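The block underneath contains the structure these notes are about, expressed in structure tokens.
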2 protein chains.
Amino acid sequence: MCDTKLMTQRDLANPTPSVTDGRPADLRAEAFQGVRDARSRELAEDYVELIAELIHDHGEARPVEIAARLGVRPPTVTKALDRLAREGLITRAKYRSVFLTDEGRALARECRRRHEIVLRFLLSLGLDAETAERDAEGIEHHVSERTLALFAAYASKS
Amino acid sequence: MCDTKLMTQRDLANPTPSVTDGRPADLRAEAFQGVRDARSRELAEDYVELIAELIHDHGEARPVEIAARLGVRPPTVTKALDRLAREGLITRAKYRSVFLTDEGRALARECRRRHEIVLRFLLSLGLDAETAERDAEGIEHHVSERTLALFAAYASKS
DNA sequence: TCTGATTGTTAGCATTGTCTAACTTTATGC
DNA sequence: GCATAAAGTTAGACAATGCTAACAATCAGA
């Protein structure tokens, strides 16, 4: 999925110009690369996290409910679930509800952990619950383990 | 959506209950919608911010440089610039460098402001510069004005 | 000035994510 | 136990974002 031959040609061709403000092009490019990678994982993470939540709360995860929670249409969910199944994160049978594989469950746990750390951190900064929830949803996929540790430390300190 | 009951600490507090399609689903769906919107704006923001930076530092913004900084191939840049031009954020002529419209410049300023607040905040939390840069790049598009204000306050306090 | 290197564009492909419309399957209620 | 409602899928469209290969334009140096 991740293409490792991306940078090679450019690296040879580019003697790295302009380090104008202590932010070398390389680092920026790397950061953007990271963001793009995160973006490609985001959807899968959102689905898996939500599926785990639905199974926990309702005993099962049904496409119609997933669609409602994510605010998308059922066919969008069908396609996304196909992809998740292809990637080994869920199992499912036509017209039936969805189950997580071990791998899916592990990813869900990880996502939930990140989500809660970010959320608690934002709340401990003094943010209102609704904005905190909204921002946490966006931020959680883009926070490094190192930042997460600082967030957790701050939240527990206050 | 005025129901501010916490919904993400289910297994800490209680096994939550009957989330039968009440408010929580709405808030989540809304949050996801917001994230999707942010995602569709992200690329444009990254480009515009970078173009402003290049113009400031080098006097002009050339596609080859944009490609290098973003870590993508030139044709990707061409397509993206077409879209930005269509959206009125930049102007350009074939085989020439890129200019921002007033609207593009305003957006760039706004993005840069957010980027710097997030970056300074992460640094003031004690994060190393490289990770801070990487995380800021991902986070900046997903932070509400309210959160930004708290970030700025924290950073200036320390 | 011409010629080769650099830069930029076009064309064409793949993937993802979204939608609507129409269909099939499953569940429900009488 | 059948008819209808609800849930789910399929088909097909479209836009974004990325890539490579090939072509076109520009620039710079001899």
Side-chain angles (χ1 to χ4, degrees), chain A residues 1-15 17 29 32-47 50-51 54 58 60-87 89-99 141, chain B residues 20-21 29 32-47 50-51 54 58 60-87 89-99 141:
Chain A
M1 193 174 299
C2 287
D3 204 342
T4 48
K5 67 185 175 183
L6 274 179
M7 324 282 294
T8 51
Q9 285 185 10
R10 191 175 33 256
D11 285 349
L12 291 176
N14 184 0
F32 283 118
Q33 189 67 62
V35 172
R36 279 196 299 279
D37 289 350
R39 209 149 35 214
S40 80
R41 262 179 287 111
E42 268 182 62
L43 248 281
E45 294 184 352
D46 286 340
Y47 271 87
L50 176 54
I51 288 164
L54 288 172
H58 300 305
E60 63 174 2
R62 295 211 145 265
V64 68
E65 187 68 16
I66 295 171
R69 300 271 191 129
L70 292 178
V72 298
R73 298 294 186 174
T76 303
V77 171
T78 297
K79 261 193 196 171
L81 293 180
D82 285 346
R83 183 185 145 211
L84 295 185
R86 217 187 315 132
E87 290 172 358
L89 294 170
I90 64 167
T91 58
R92 62 194 303 249
K94 262 187 171 182
Y95 297 99
R96 297 298 176 181
S97 54
V98 180
F99 302 92
H141 306 285
Chain B
T20 38
D21 312 66
F32 283 119
Q33 187 65 60
V35 172
R36 279 194 300 277
D37 290 350
R39 208 146 38 210
S40 80
R41 261 178 288 113
E42 267 181 65
L43 250 281
E45 293 183 352
D46 287 340
Y47 271 86
L50 176 55
I51 289 165
L54 289 173
H58 302 306
E60 62 174 0
R62 295 210 146 265
V64 68
E65 188 67 14
I66 295 170
R69 300 272 191 128
L70 292 178
V72 298
R73 297 293 186 179
T76 302
V77 171
T78 298
K79 263 192 197 175
L81 293 180
D82 285 346
R83 185 187 144 208
L84 295 185
R86 218 186 315 132
E87 291 173 356
L89 294 169
I90 64 169
T91 58
R92 62 196 303 247
K94 262 186 171 184
Y95 297 97
R96 296 300 176 180
S97 55
V98 180
F99 302 93
H141 305 285

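Keep in mind that this is a model prediction, so the values were computed, not measured.
Within 4.0 Å of Val77(A), counting heavy atoms only, lies no atom of the nucleic acid at all. Backbone-only contact: Arg92(A) has heavy atoms under 4.0 Å from sugar-phosphate atoms and none from a base. Residue Pro74(A) is in base contact, counting any heavy-atom pair closer than 4.0 Å across all strands shown.
Of the candidate nucleotides dC19(D), dC19(C), dA16(D), dA16(D) has the atom nearest to the side chain of Arg86(B). Considering only side-chain atoms of Arg62(B), the nucleotide from dG8(C), dA27(C), dG8(D) that sits closest is dG8(C). Counting only heavy atoms from C-beta on, Tyr95(B) has its side chain closest to dT26(D) among dC13(C), dT26(D), dC19(C). Picking from dC13(C), dT10(D), dT26(C) the nucleotide with the shortest atom distance to the side chain of Pro75(A) gives dT10(D). In this structure, of dT18(C), dT7(C), dC27(D), it is dC27(D) that holds the atom nearest to the side chain of Arg96(B). Out of dT9(D), dT17(D), dT18(C), the shortest distance to the side chain of Lys79(B) is found at dT17(D). Closest to the side chain of Thr78(A), from the set dT9(D), dT7(C), dC27(D), is dT9(D). Listed nucleotides: dT18(C), dC19(C), dT9(D). Nearest to the side chain of Arg73(A): dC19(C).
One axis for each end of the helix from dT1(C)-dA30(D) to dC30(C)-dG1(D), each built from five base pairs, and the angle between them comes to 10° at 10° resolution.
Of the candidates His58(A), Glu60(A), Glu65(A), Arg62(A) forms a side chain to side chain donor-acceptor pair (under 3.5 Å) with just one, namely Glu60(A).
Taking only side-chain nitrogens and oxygens, Arg36(B) never comes nearer than 4.0 Å to OP1 or OP2 of dG17(C). Between dT16(C) and Arg39(A), no contact under 4.0 Å exists linking OP1 or OP2 to a side-chain N or O.
Here the side chain of Arg36(A) pairs a donor or acceptor atom with the backbone of Gly71(B) at under 3.5 angstrom.
Between the side chain of Lys94(A) and the base of dT25(C), no donor-acceptor pair of N or O atoms lies under 3.5 Å.
The two residues Ser97(A) and Ala61(A) have their closest heavy-atom pair at CB-O, 3.1 Å.
Between the CZ atom of Arg83(B) and the P atom of dG18(D) there is a distance of 10 Å, rounded to whole Å.
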